[in-house]
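Proteins get letters first, then strands, A, B, ... in listed order; numbering begins at 1 in each. Not measured: the values here are computed from a predicted model.
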Amino acid sequence: MNSRLPEMLHCLNSTTSENCEMSVLERQRSRLKQQEQLTHHHPPIPYFNGNDHLAYSGFHGDQALSDLVLNGGAMKPDPGVEHDDFRRFMNYGTGTTDFQMSCALPRTVSCPPYVAAASVDSAAGKESCKKRKAHNLKIAAEEKKMKGCAEEESKITEQNSNSKSTTTTISTSANKNNKGPSANAKKASDAPKTDYIHVRARRGQATDSHSLAERVRREKISERMKYLQDLVPGCNKVTGKAGMLDEIINYVQSLQRQVEFLSMKLAAINPRLDFDIENYILKEMFPACPPAMEPDHSHLQFNTSVEEVSGSGLEMVVGPMDATLRRTISAPITVQQSFLDSSSLNQIQQVTWEDELRNLYSMEYQQGRSTPFISQQITGFLEANHVKLEM
Amino acid sequence: MSSLSQNPKKTLLFSAMKNPNTLKKKLASRFLKAMKKLKYKMSPSPPASIAEKKRRHRAVRAAAYASMASAVGPRRAWSRALLRKMKGRKRARRNPGNMNTRFGLNHLCDIVPGGEAMDSCSLLNETAHYIKCLVAQVQIMREILHSSSSSSTIL
């Protein structure tokens with residue numbers, strides 16, 4: 001999920017079962033017990049319990065090459081993957097329990113495990129499937145390939161991690177979570193550390209580096225899409241990426257149009273506007289007054305001076321407070337009170353464009369009484385607005 | 001009805017108390033300063049001609065976007081691209097290599113500033129941040145408008 005860079009992995013579930021010697025099995029069981037003692041709070045390792053058949057993973061070479069990342073939430077531990085050194089160096093339990101993060105537990109293995117594994121492979125491989133045989137034959141070639149990949153990725157990871165923790169995560173939240181596992185990793189591995197991040201393939205998935213990279217990319221994109229889905233209202237109902245993208249595009253465009261429209265209105269009003277910026281910023285610094293107090297506050301300010309009203313109105317309080325403000329304002333002008341009230345009632349919930357337009361109309365209507373010249377200007381301007389909006 | 005509309009306000013206020021440097025606050029102060037500067041430039045009378053109206057509209061819009069970009073700072077690609085565009089420099093070249101891998105993002109990268117030169121992952125990231133900032137900007141402008149309209153009814 002969060003692990004960024006594709007890597008190698010254990011792949012396939014190889015199916016060598018009959019050939020395993022009991023000694024190996026017993027050794028591993030004893031190790032399992034040891035590990036359970038170490039990590040009491042973790043549930044027993046799921047794949048190992050009922051598993052009498054030991055299956056060795058196909059890729060021992062890559063284990064010798066580098067470390068292993070458990071990609072926590074998304075992938076279950078692969079029942080086919082089993083290795084001695086696997087558990088010696090890493091605290092498997094932390095990897096499985098910390099679902100949310102991708103923890104990278106560095107495991108550095110020197111060459112011998114590969115040799116030993118290869119020998120076991122060759123012993124066990126006779127009755128195994130064709131894939132397996134082919135794999136044994138090609139093991140050297142694949143190791144070369146992997147080395148190439150690993151070098152490539154080490155270049156990438158070097159930018160991100162300074163080899164203290166082998167975990168490279170881009171998102172900061174994941175970084176926070178990674179402290180625990182990386183501390184574990186320090187304990188677990190005394191051997192020199194490597195800078196690789198592994199993505200594990202589930203069974204049946206392709207394991208070449210390109211498709212792994214593509215899979216990681218797709219995961220990232222879908223993660224972002226989920227985040228965007230939370231941001232954009234009404235996006236939850238839409239299914240499918242194309243529909244969601246359409247929705248997002250529409251939303252961004254509508255926001256941009258709103259900015260346009262509001263700036264137009266502000267440009268029309270601007271000259272008559274007195275920004276009491278000092279007052280506003282002062283209030284921004286002390287936003288301690290609870291929202292319930294706001295209406296009284298505004299009333300008081302309204303009674304003292306008009307400029308104070310503009311300052312208080314600039315605060316993050318809209319809705320009911322605004323409505324009350326408007327009502328108090330409209331009190332002296334008794335003629336249009338009903339009209340104003342209706343417009344202010346409309347504004348209580350959420351101010352849509354139409355409401356704002358109506359508000360502007362009402363304002364213009366009022367000013368029509370006092371200064372006809374200005375009202376003419378504004379109506380002309382409003383018509384321009386309409387034209388622009390319909391476009 | 002009032003409780004409904006006050007709930008988001010409460011959360012907003014609480015978040016503002018927790019974090020004094022919210023994006024919205026930065027945005028608001030910058031935008032107001034920009035508007036104040038604009039006010040000095042403009043004549044006190046309402047706009048007379050269409051050209052004058054257009055000029056003012058453009059100035060206010062530029063102030064809005066510039067305050068958005070400067071409040072975010074240079075750490076976001078879209079704000080950098082926005083400022084670059086506003087300063088009138090050359091637009092970033094379209095990256096042809098990314099285009100064929102995109103699925104439906106072509107429209108999106110036209111809309112989000114600086115989206116031409118992004119891969120799809122970072123484009124979605126930037127879009128999310130851009131949406132947040134736009135929403136905050138729209139809220140601020142609305143509040144200014146409300147306050148100004150309520151004060152101007154008295155005048």
Side-chain angles (χ1 to χ4, degrees), chain A residues 217 220-221 224-225 227-228 231-232 241-242 245 248-249 251-253 255-256 258-260 262-275 277 280-281 284 287-288 291 306 309-310 313-320 322 325-326 329-330 348-349 351 359-360 363 366 374 377 381 384, chain B residues 1-2 4-6 9-10 12-13 16-17 24-25 28-29 32-33 35-36 38-39 42-47 53 56-57 59-61 64-65 103-105 107-108 111-112 120-121 124-125 127-128 130-132 134-135 137-138 141-155:
Chain A
R217 196 184 77 95
K220 261 200 279 184
I221 286 178
R224 305 280 151 78
M225 289 294 266
Y227 181 56
L228 272 172
L231 274 182
V232 179
K241 265 181 188 162
L245 273 176
I248 289 166
I249 288 167
Y251 187 57
V252 173
Q253 271 176 339
L255 281 174
Q256 282 175 340
Q258 258 168 306
V259 169
E260 288 257 322
L262 286 170
S263 66
M264 231 189 276
K265 279 167 73 174
L266 277 179
I269 294 169
N270 191 26
R272 282 177 276 117
L273 206 60
D274 259 337
F275 288 118
I277 291 182
Y280 174 62
I281 288 174
E284 283 289 301
V306 177
V309 168
S310 76
L314 285 180
E315 271 193 298
M316 309 307 176
V317 185
V318 212
D322 243 16
L325 237 187
R326 209 160 288 269
I329 287 165
S330 65
I348 285 180
Q349 270 306 329
V351 188
N359 180 24
L360 204 64
M363 199 184 75
Q366 235 176 14
I374 295 175
Q377 296 290 337
F381 185 70
Chain B
M1 196 191 275
S2 66
L4 265 181
S5 56
Q6 273 202 351
K9 291 289 152 342
K10 263 183 193 172
L12 206 150
L13 267 182
M17 268 185 266
K24 196 170 177 183
K25 236 179 247 183
S29 65
L32 281 178
K33 274 175 196 166
M35 291 290 279
K36 204 175 185 183
L38 271 184
K39 205 187 72 182
M42 287 175 181
S43 60
S45 67
K53 268 183 229 156
R56 282 187 184 184
H57 165 53
V60 175
R61 192 184 55 190
Y65 278 121
F103 37 102
L105 294 169
H107 293 291
L108 198 58
I111 291 169
V112 178
S120 43
C121 238
L124 289 178
N125 234 352
T127 308
Y130 186 57
I131 285 177
K132 270 192 202 164
L134 270 180
V135 168
Q137 179 71 33
V138 166
M141 288 173 90
R142 262 193 196 146
E143 280 151 19
I144 289 174
L145 210 62
H146 276 233
S147 66
S148 70
S149 63
S150 55
S151 68
S152 65
T153 45
I154 265 302
L155 291 180

Kindly indicate, with the supporting measurements, whether the criterion side-chain contact (heavy atoms from CB on, under 4.5 Å) is fulfilled by A:Gln258 and B:Gln137. CA-CA 10 Å; A:Gln258 258 168 306; B:Gln137 179 71 33; over 6 Å; no
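- Put simply, CG on A:Leu231 and OG1 on B:Thr127 are 10.0 Å apart, with the number rounded to the nearest 0.5 Å.
- Residue B:Ala64 touches chain A through its side chain alone, counting heavy-atom pairs closer than 4.5 Å.
- Distance check: B:Ile131 CD1 to A:Leu228 CG gives 5.5 Å after rounding to the nearest 0.5 Å.
- Distance check, rounded to the nearest 0.5 Å: CG of B:Leu134 to CD of A:Gln253 gives 11.5 Å.
- No side-chain heavy atom of A:Met264 sits less than 4.5 Å from a side-chain heavy atom of B:Lys53.
- The distance from the CG atom of A:Leu266 to the CE atom of B:Met35 is 4.5 Å, given to the nearest 0.5 Å.
- Panel note: side chain A:Arg224, backbone B:Cys121; a donor-acceptor pair is recorded below 3.5 Å.
- Residues that satisfy the side chain to side chain donor-acceptor pair (under 3.5 Å) test with A:Ser263, not counting sequence neighbours, are B:His57.
- Legend: residues meeting ring-ring contact (aromatic ring centres under 6.0 Å, His included) with B:Tyr65, ordered by chain and number and at least two apart, are absent.
- With a 4.5 angstrom heavy-atom cutoff, A:Leu255 touches chain B via backbone and side-chain atoms both.
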